[in-house]
Student: 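Structure below; questions to follow.
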Amino acid sequence: MMRQFELVEQVKSYDPTADEDALNRAYVYTMKQHGAQRRASGDPYFSHPIEVAGILTRYKLDTASIISALLHDTIEDTDATQAEIEKMFGPDVARLVDGVTKLSRIELQSDRSKQAENFRKLVLAMSEDIRVLLIKLADRLHNMRTLKYIASDEKRRRIALETMEIYAPLAERIGMSEIKNELEDLAFAELHPEVRDSIVARLNFLREQGTHLIERIIGELERRLKESGVEAEVTGREKMPYSIWRKMQTKNVAFEQLSDIMAFRVIVKDVNDCYHALGVIHSRYPMVPGRFKDYISTPKPNGYRSLHTGVLGPESHRIEIQIRSQEMHDVAELGVAAHWTYKTGHHPADGTQYRWLRELLDAMEHAASPEEFLEHTKLEMFQDQVFCFTPKGDLIALPRGACPVDFAYAVHSKVGDTCVGAKINGRIMPLRTPLNNGDQVEIVTSKAQSPNPTWERFVVTAKARARIRRFVRTQQRNQYLDLGRAMLGRAFKQEGYEMTEKAIEGVLKIFKEDSVEDLTVLVGQGTIPARDVVVAIYPELKTTAKPDNVVSLRRRTQKSRGPAMPIRGLIPGMAMHFAACCHPLPGDRIVGIVTTGKGVTIHTIDCEMLEQYAETPERWLDIAWNEDPKQDEAHVGRINLVVQNEPGSLGSLSTVIAKNLGNITNLKITNRSADFFEMLLDIEVRDVKHLTNIIAALRATPAINSVERARK
Ligand code: MN
């Protein structure tokens, strides 16, 4: 365990301005808080946070991170509170400790290995400050180093699996290959001890046999490079047992080849020397095909840069070589930390290298957008997603802005269709509440519920939207189906027949439909006249058919009118429009005519146009205005006028209409003589009473000879 003064010395060595007093206070505070608590190893508990802080000094983290590492378990495991920590160490530390605490709580939620990638994303998304992730990784590293002390096989295994699937890939993602390798190897030892033991034994054997060989290869490579004027440091490195095993698995080979266990590394001054060294090696030794990779011109997403190649090297041994500059090497081992040091041009000697972190935070605060910040750090933080839990602990990934309805549909279509409410973190919340990372969402369902079309306004997932729309369409289809049945029934009756499904089935082919239901829906929509179906069954009726009732198979897609229906007797969702001939107004007696391809057209009962439908009563629908139509809804009424052709008569006409709160929307002079205008006027009014009042007022106007409501 690192002693107090050692930790402080360590931090001071790279940051002379570090707040020594705060570090000392944090060290003492965590010892006091954890008190007599013990680790599974028997060590005092406080040795753990101190070790975690020690790990982070290797990455030259700022004082706030080191202090937060010291305190990282105090909120969860002692009576310390965030408020107290904030008072003692400031808001920055309090926020970091809170972040690590929240991450630890997610860990407890469930078996996350099933959805490893989602959990990795969740951890990243929760680590809004990258320091939270760094502290978490150091925490996990120390827990893995002491994993063997945990008594429960099952618990050790679970932690190792989680490390392998969540934390090692996260360390890799931010380029910290040292931590990644150690995490993997520790997890490997727990998960497959026999495999690892046999690989280690084999490595020891080969090492004994090959020491001199490796030395010879290093010597020869160095000599060749020097002869060609490249200054380079060559090292031979044994691969980690886990990476050997993974390679054996993926390539399905045994590791007899030296190239499978050893990696040679050539460290040179700069990028030019990398390619120079590569040229020297390739010109001297035969290349192994398919092994060359240029990660300098195309770095890996985590910033890794290097040249990789495989050659038949000294003494014809197949070897793998990585060629990189010192800078590339530091970035590969230390990840974002080193990356930032180099990017900002501070060099290890000047005591400011921890500044990468300061500047990273600065960039985070001042970046114009999260995207810009991510661009800086090459970190994917998944700003566009939220991750929530089911009560059972399953993780559901959703786009940002998603609400409980999206969540419900993501769980299961049925859950979405029947959801009536949601509990977010145990509290009942509106269905349109935007979800946050880590929320636990419990959906309340009811069999009586069906998708509400208004949900479409706030859901964000395609699945939810599609299901809601599909439901609305199905509902509409059912309405057309009911209407079609009624119309067919009337059409049959009209001709003195009883409607039977069997009879309709017999003529499906004529209409090119597959089912009675499909055909009935088309009749309901008005695409196929009901009488056509009856005539198809009883061809002898054809002679009495009107010319405009000729079978029409042409279909038009029909959009339904959106707003609530002001008319009773219509089926909601059914296409409906007002006839242009008679301009029905609320208060008029009306009738609906089912029109081919257009749904229902509303006429006034005295409209002259109705005569043409006299022979097809099955197309007539009994409808009426709702008693209490919306007062603010405007309808267009049409009137014919005869006005004296004299100055000011049109002016007084419009004045009278305006005074009576009508609004002229269309005016057309249909006839004009020396003395009179005949004209047609469209006026927006509330209802028929409103129009009647206007007509009465016009009739009382001297310049106006006659006023009639238009009937055709
Ligand atoms: Mn811990």
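Keep in mind the model is a prediction, meaning the values are calculated, not measured. For ligands, and for the atoms within them, numbers begin at 1 and follow the listed sequence.
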Student: Has His142 got an N/O/S atom less than 2.8 Å from the Mn ion (ligand 1)?
Tutor: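 False for His142.
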Student: Relative to the Mn ion (ligand 1), which of the N, O or S atoms in Asp73 is the closest?
Tutor: OD2
Student: Should Asp197 and Arg202 count as an ion pair when the cut-off is N to O under 4.0 Å?
Tutor: no
Student: Quick test of your reading of the model: are Asp21 and Arg25 salt-bridged, counting only N-O distances below 4.0 Å?
Tutor: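 Yes.
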Student: State the atom name: nearest N, O or S atom of His72 to the Mn ion (ligand 1).
Tutor: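 Of all N, O or S atoms in His72, the Mn ion (ligand 1) lies closest to NE2.
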Student: Tell me whether Arg156 contacts the main-chain N or O of Tyr149 through its side chain, where contact means a donor paired with an acceptor under 3.5 Å.
Tutor: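 No: the side chain of Arg156 does not pair with the backbone of Tyr149.
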Student: Scan Arg140, Arg196, Arg246 and name whichever one has a salt bridge (Lys or Arg N to Asp or Glu O under 4.0 Å) with Glu184.
Tutor: Arg246
Student: Of all N, O or S atoms in Asp139, which has the smallest distance to the Mn ion (ligand 1)?
Tutor: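 This turns out to be OD1.
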